[in-house]
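Any value given below was found using the heavy atoms of this structure, including those in side chains, with hydrogens, waters and symmetry copies removed.
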Amino acid sequence: MVAVRVRFAPSPTGFVHIGSLRTALYNFLFARQHQGTFILRIEDTDRTRFVEGATENMIRVLDWAGLMPDEGPQQGGPFGPYFQSERTEIYQRFAQQLIEQGHAYLAFDSPAELEEMRNGKLAVSRISTRYNHQIRQSMRNSLAMSAAEVEQLLAAGEPHVVRLKMPAERVFNVDDLVRGQVNFDSREIDDQILLKSDGYPTYHLANVVDDHLMQISHVIRGEEWLSSVPKHLFLYECFGWTPPKMAHLPLIFNPDGSKMSKRDITNLSELPAGKVDPDVESYIRAGFECDAILNAIALLGWNPGEGDDQQVFSLAELISNYSLERVNKSAAIFDLQKLRWLNKEQLKKQPADVLLNRLRPGLEERGWNRKPDSYCLAVIELLQARLGFLHDFFTYGTYFFEDPTEYDDKALKKYWKAQTTNLVLEFVREIDKLDRFFAAEIEEVLRRVAERHQVGGGQIIHPIRLAVSGFSVGPGLFELLELLGKDTVVKRIAKAVEVIPALQQQ
RNA sequence: GCCCCCAUCGUCUAGGGGUUAGGACACAGGAUUUUCGAUCCUGCAGCAGGGGUUCGAAUCCCCUUGGGGGUGCCA
């Protein structure tokens, strides 16, 4: 059996697209699963689209996601360099070979001439707007011109490209791992440029050459590449190489079915209707858990299968459960709601001490680190199930570290009635006498006071919650009071009793 | 235009000749006489349309429709 070697081959054109990350993930999972090698190759052959720092961006995101390449620009490897821009002589050599074999030719057509051809101004082009077998004889290339003419243009330094001479009557067939048999008629395919006039290769040449040289066993990439498969297949054939297995992944779209575009988005919290941010780093910045993002995109086009309803996966679980055979064919829509839910679920799975360590910088920043770890851990345990994001800790949990400075307006109106002050004061007097300030004892006191006054527990519970936390929602009241401690509770209630009736006058 | 791909609840999907078409998110309702942004329970909601094949089709075939990709000296 052939060793599994897969590559993630992004073009460094700026930000990291959510779809790119999924492609990287699927490649990574496949590699890990087959004890294979995961390779990062930077496809930076378009100098006009070069973006400073884009590669570093890419590497940083992969690193953050835990999708570390086994071979790549950073870690090196036996098949480097892993930047295509550093491999131009290799591509030129193979392009030359193709020319010598008669599978490729030189073309001198200017952009304007190509434009004219596509606009159908040339007689022949009424048949086709492609640069193909029907039209190449009427263009300015080494197939249509005499050797002398070509020599002359070359000597004059005329800019030219190398084109693949696509056969006229052929059917190319691929057995795609996700799509099954797909056929392409070579007549529909143009004479692809392999080498641009600046000497750099196009994707097609570089891709085929590198995949072969780097001994890639499986090409797992987005569906946008499916149409170029016949060109690639023909190249493999010309070189006499065995093509790798191929798998074309379904695309990921906006909720409205449009392409996810960075242009649509300014802010993750104010998304235009039907749009979603394609930039992975926006989600990182918003505080989404790495596991949640990977989990969410893993499920976009893949599922564990019949009889398996698991939704929440760690990266390790993805590795053991994933299979390329279970990747589906239809495009998926990115669902922010599900990401949010997964984020919560992933947060719930984390041990409290792990979260505490992640929270430390924020605790220090706020001076909340005066509290002992045991206290912080207890707060985390109380809050954990309610956190949408880890950073919610600093808003939902403020009152565990600071006295409330304001009280929720709606709760204030809803829960603080005329007789509340008396009930609350009586409750304070009673708990003040407690020697053991634990949830059970506190509850006992509260129930007693409520019974004495013939009111439901809620009549006291809600006002107390409001008084000590300022919020109307939160963890169970008695655990909360226990953790806060008697002194703090008594102090806060005393203050609330002073402040709240006054607030209500307003 | 041409080529290619795709089509099950709003969304992600299971199911691939006989199922009350299953699950998850979201949404709605209920429970928790202690809140909800927690938890549990229930509900809502789907095989794009039309033809075939078959005793029987969501499932196989064809057409239509819809969506998407490609058609670049972009990747």
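When the C1' atom is compared between B:rC27 and B:rU64, the two are found 34 Å apart, to the nearest whole Å. Taking atom P in both B:rC47 and B:rU11, one finds a spacing of 12 Å when rounded to whole Å. Only the C1' atoms considered, B:rG18 is 10 Å distant from B:rA57, to the nearest whole Å. Atom P of B:rC9 sits at a distance of 12 Å from the matching atom of B:rA14, rounded to the whole Å. Here, B:rU20 and B:rU39 have their C1' atoms 29 Å apart, quoted to the whole Å. Comparing the same atom, C1', in B:rU65 and in B:rA75 gives a spacing of 32 Å after rounding to whole Å. Straight-line distance between the C1' atoms of B:rC60 and B:rG16: roughly 9 Å, to the nearest whole Å.
An OP1 or OP2 oxygen of B:rG72 is reached within less than 4.0 angstrom by a side-chain nitrogen or oxygen of A:R118. Taking only side-chain nitrogens and oxygens, A:K231 never comes nearer than 4.0 Å to OP1 or OP2 of B:rG70. At least one side-chain nitrogen or oxygen of A:R326 sits closer than 4.0 Å to the OP1 or OP2 atom of B:rG15.
Nucleic acid contact for A:L477: base, since at least one base atom lies under 4.0 Å from a heavy atom of the residue. Heavy atoms of A:S11 sit under 4.0 angstrom from primed sugar atoms or phosphate atoms, though from no base atom. Looking at heavy-atom distances under 4.0 Å, A:R179 makes contact with sugar-phosphate atoms alone, never a base. A:N183 comes within contact range of the sugar-phosphate backbone alone, with a heavy-atom separation under 4.0 Å but no base atom that close. Using a 4.0 Å heavy-atom distance criterion, A:D408 is classed as making no nucleic acid contact. Counting non-hydrogen atoms under 4.0 angstrom, A:F253 reaches the backbone sugars and phosphates but no base. Among the protein residues, A:P10 comes within range of no part of the nucleic acid, since none of its heavy atoms lies under 4.0 Å from any strand. Residue A:N207 is out of contact with every strand shown, counting any heavy-atom pair closer than 4.0 Å. If you check every strand for non-hydrogen atoms under 4.0 Å, A:S330 touches sugar and phosphate atoms only. Residue A:G301 is classed as a sugar-phosphate contact, given heavy-atom separations below 4.0 Å to backbone atoms only. Within the nucleic acid shown, A:T45 comes within 4.0 Å of sugar-phosphate atoms alone, with no base atom in reach, counting heavy atoms only. Residue-level contact check: A:V161 touches the bases, meaning some heavy atom is under 4.0 Å from a base atom. Residue contacts shown for A:G476 include a base, since a base heavy atom lies under 4.0 Å away. Among the protein residues, A:T48 comes within range of no part of the nucleic acid, since none of its heavy atoms lies under 4.0 Å from any strand.
Taking the ring centroids of A:Y91 and A:Y200, they lie at or beyond the 6.0 Å cut-off. A ring-centre distance under 6.0 Å is not found for A:W416 and A:Y407.
The aromatic rings of A:Y203 and A:W225 lie parallel to each other, with less than 30° between the two planes, well short of the 60° mark.
Within residues 458-470 of chain A, the residues that place at least one heavy atom under 4.0 Å from RNA chain B are, in residue-number order, A:G458, A:I461, A:H462, A:R465.
Residue A:L446 contributes atom CG, which lies 13 Å from atom P of B:rU35 at whole-angstrom precision. Atom CZ in A:F50 sits roughly 22 Å away from atom P in B:rC73 (whole-Å rounding). Atom C1' of nucleotide B:rC25 and atom CZ of A:F334 are separated by 13 Å, given to the nearest angstrom. Whole-Å rounding puts the A:L249 CG to B:rG68 C1' distance at 15 Å.
Judged by a 6.0 Å distance limit and a 45° cone about the ring axis, A:R22 is positioned over the six-membered ring of A:Y26.
Nucleotide B:rA7: paired with B:rU65 (Watson-Crick or G-U wobble, both distances less than 3.5 Å). Pairing partner, B:rG72: none, since no Watson-Crick or wobble contact has both distances short of 3.5 Å.
Salt bridge annotation for A:R447-A:E443: present, with a cationic side-chain nitrogen under 4.0 angstrom from a carboxylate oxygen. For A:R448 and A:E451, the salt-bridge test fails: no basic side-chain N is under 4.0 Å from an acidic carboxylate O.
Qualifying ring pair (Phe, Tyr, Trp, His ring centres under 6.0 Å) partners for A:H391, counting only residues two or more places apart in sequence or in other chains: A:F389.
Judged purely by distance below 3.5 Å, without hydrogens or angles, the side chains of A:N132 and A:D190 never pair a donor atom with an acceptor atom. The closest side-chain donor-acceptor pair between A:Q311 and A:K338 falls under 3.5 angstrom.
For a distance-only test at 3.5 Å, the side chain of A:R386 qualifies as a donor-acceptor partner of the base of B:rC36.
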